[in-house]
Amino acid sequence: MKHAFHRLDAPADLVRVTFRGQVVDLPAGENLAAALLAAGVTVFRNTPVSGAPRAPFCMMGACYDCLVEIDGTTRQACMLEVSEGMVIEPAHGKGADNALG
Amino acid sequence: MRSADLIIVGAGPAGMAAAACAAGKGLSVLLLDEQPRAGGQIYRDVARAWPKRGGLLGKDYAAGLPLVQALDHPGITHITGATVWQIEDGPLVTFTVNGAAQQAQGKRLLIATGALERPMPLPGWTLPGVMTAGAGQILLKQSGMVSDRAVLVGCGPLLYLIGAQMVRAGTPPLALVETQGRGDLLAAMRHVGGALRGWRYMLKGLGMLAELRRAGVARHVAATDIEIAGANRAESVRFRAAGQQHEIGCDTVLLHHGVVPNTQAARSIDIPHEWDSRQRAFVPQRDAWGRSARADVFIAGDGAGIGGAKAAAIAGELAALAIAHDLGALAQGDRDLEARQLRWRLSAELAARPFIDRAYPPFAPALAPADKTIICRCEEVTAGDIRRYAAMGCLGPNQAKAFGRAGMGPCQGRYCGLSVTEILSAAHGQAPDRTGYYRIRPPLKPVTLAELAAMADTPDAAE
């Protein structure tokens, strides 16, 4: 499927990160949630309650739907900037320990 | 520990204007904001985005530039990436920056935490690809990203604005699905002296609608029975309009039916709030300077009641004048003289609000959602669950937490609190003021043990 979003400007310096174990090149310093959406990621995590898929909803740090896990800590992707070597996993879903749940 | 005459939470229009005004009177200001750059949401990333994309974002956005530039003042310490999670008497503010907690002591505190999108619970609104219109704008401003196949759903000036910006970006939305009826605009014009007070906004709205029409964007008004369909992500919007059933395939759905004050910080320190029936939201009680029931805590901007970015900046300045006077940096006569002109500008800014509120009322079915619709996104509690709790004797939002965890997920009720209040009020036939709202407690945002441990490690902690 074609990506849902396109960029108006060519992205700046790309750096390598991994998301769900896959290597992705994202613009350094870009908002992480935005960068993942532009890279074609549609589902950021599955909920702890029902396992339903979720992705960024508010982009301003209020809704917590874009939760990811970085270095073992649950973080809001929309409140982070891309940096080289980030290892990003979806926040724990149904049945797993959830640092925030 | 840090200290300052004035601690401001939030670097949007109210916080930025207050910081500059207070620093100009000689106060030391500590400005705490979660984002990496000043601007808040309305002027998000304006200093970086304006040179690249100013043309398509429009000149109202440029009004944020001087506010950001004015933060470059020796009296202002602006800490970016600072998440405030506790406020105590003092006022003592605890926040996290770069994974370590810190504290700051002020003589006065200004809460300028702005607005949140009014929750718009519709069937399918939790699917990936469904976002707030504000989120769509943030992606455009901050990251220069546009959705190729988006449908805009709801009502209000912000919906037209993002639609027009998308047209200018070369990717018009697929359709505008509007919820207000034709009667709403007429009522607004007739009943609130609206046409006169609101003409500037009407012209602006008409201009943006003309842009959308020229771009061939389909427009449906008075839409009902709106739902978002899709298996693992939004695939279409279904609705009825003009007596017909419609379905529009899409990747992105942007929802908006107004914004409401973000009251989390003020509520966490028990500042009294009251229901504003015109804005259909709770607002904190404060005087004409923005002073709350706690004499050393002020609230300014949309967090004190929705007035928009320009009104927010003026309210920020008024609070700063009162604070400067409190702290002996400004004589009463000078305070009142400066305030007079600000108040005149503020009332001019606010004159059109009743018109806008009446012309674009919240989408009624999203205030009283169908039983199956999820209202608490975090804990996946439905409107029917809340009604069931009400039938079992649940009177208020805090009891609803005990009945079924509504409002107890990581967002701490930000996107379900008003829905729970509305549903319980309707179920019991009582006023929202009586139903009340969630009790908000610190931490205002989730905190890790590592952040706390890092605070203990700093030499400042020994002070």
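Chain letters run A, B, ... following the sequence lines, proteins first and then strands; every chain starts at 1. Nothing here was measured: the structure is a model prediction, and the numbers come from that model.
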With only heavy atoms counted, which part of [X] is less than 4.5 Å from chain A, the side chain, the backbone, both or neither?
X: B/Leu140; value: side chain
X: B/Glu117; value: neither
X: B/Thr252; value: side chain

Closest approach of [X] to [Y] (non-hydrogen atoms, all atoms of both residues):
X: A/Val43; Y: B/Asn232; result: CG2-O, 4.0 Å
X: A/Phe57; Y: B/Ala135; result: O-CB, 3.3 Å
X: A/Ala52; Y: B/Glu380; result: CB-OE1, 4.1 Å
X: B/Ile138; Y: A/Cys58; result: CD1-O, 3.8 Å
X: B/Cys411; Y: A/Tyr64; result: CA-CD1, 3.6 Å
X: B/Arg414; Y: A/Ala62; result: CD-O, 3.6 Å

[atom2] on [Y] to [atom1] on [X], rounded to 0.5 Å:
X: A/Leu37; Y: B/Met131; atom1: CG; atom2: CE; result: 5.5 Å
X: A/Thr47; Y: B/Glu379; atom1: OG1; atom2: CD; result: 9.5 Å
X: B/Lys445; Y: A/Met79; atom1: NZ; atom2: CE; result: 5.0 Å

What residue in A/Met60, A/Arg7, A/His6 has the most heavy-atom pairs under 4.5 Å with chain B?
A/His6

Could you tell me whether A/Arg16 atom CZ has more than 12 heavy atoms of other residues or ligands within 6.0 Å of it?
no

Max heavy-atom pair count under 4.5 Å with chain A, selected residue of [options]:
options: B/Thr448, B/Thr126, B/Thr83; result: B/Thr126
options: B/Pro128, B/Cys378, B/Gly136; result: B/Pro128
options: B/Asn262, B/Asp148, B/Thr132; result: B/Asp148
options: B/Gln35, B/Gln264, B/Gln142; result: B/Gln142

Does any part of the side chain of [Y], heavy atoms only, come nearer than 4.5 Å to the side chain of [X], both counted from C-beta?
X: B/Glu451; Y: A/Thr73; result: no
X: A/Leu8; Y: B/Leu56; result: yes
X: A/Phe5; Y: B/Val146; result: no
X: B/Pro36; Y: A/Glu81; result: yes

Closer than 3.5 angstrom, by distance alone: can the side chain of A/Arg54 be matched with the main-chain N or O of B/Arg377 as a donor-acceptor pair?
yes

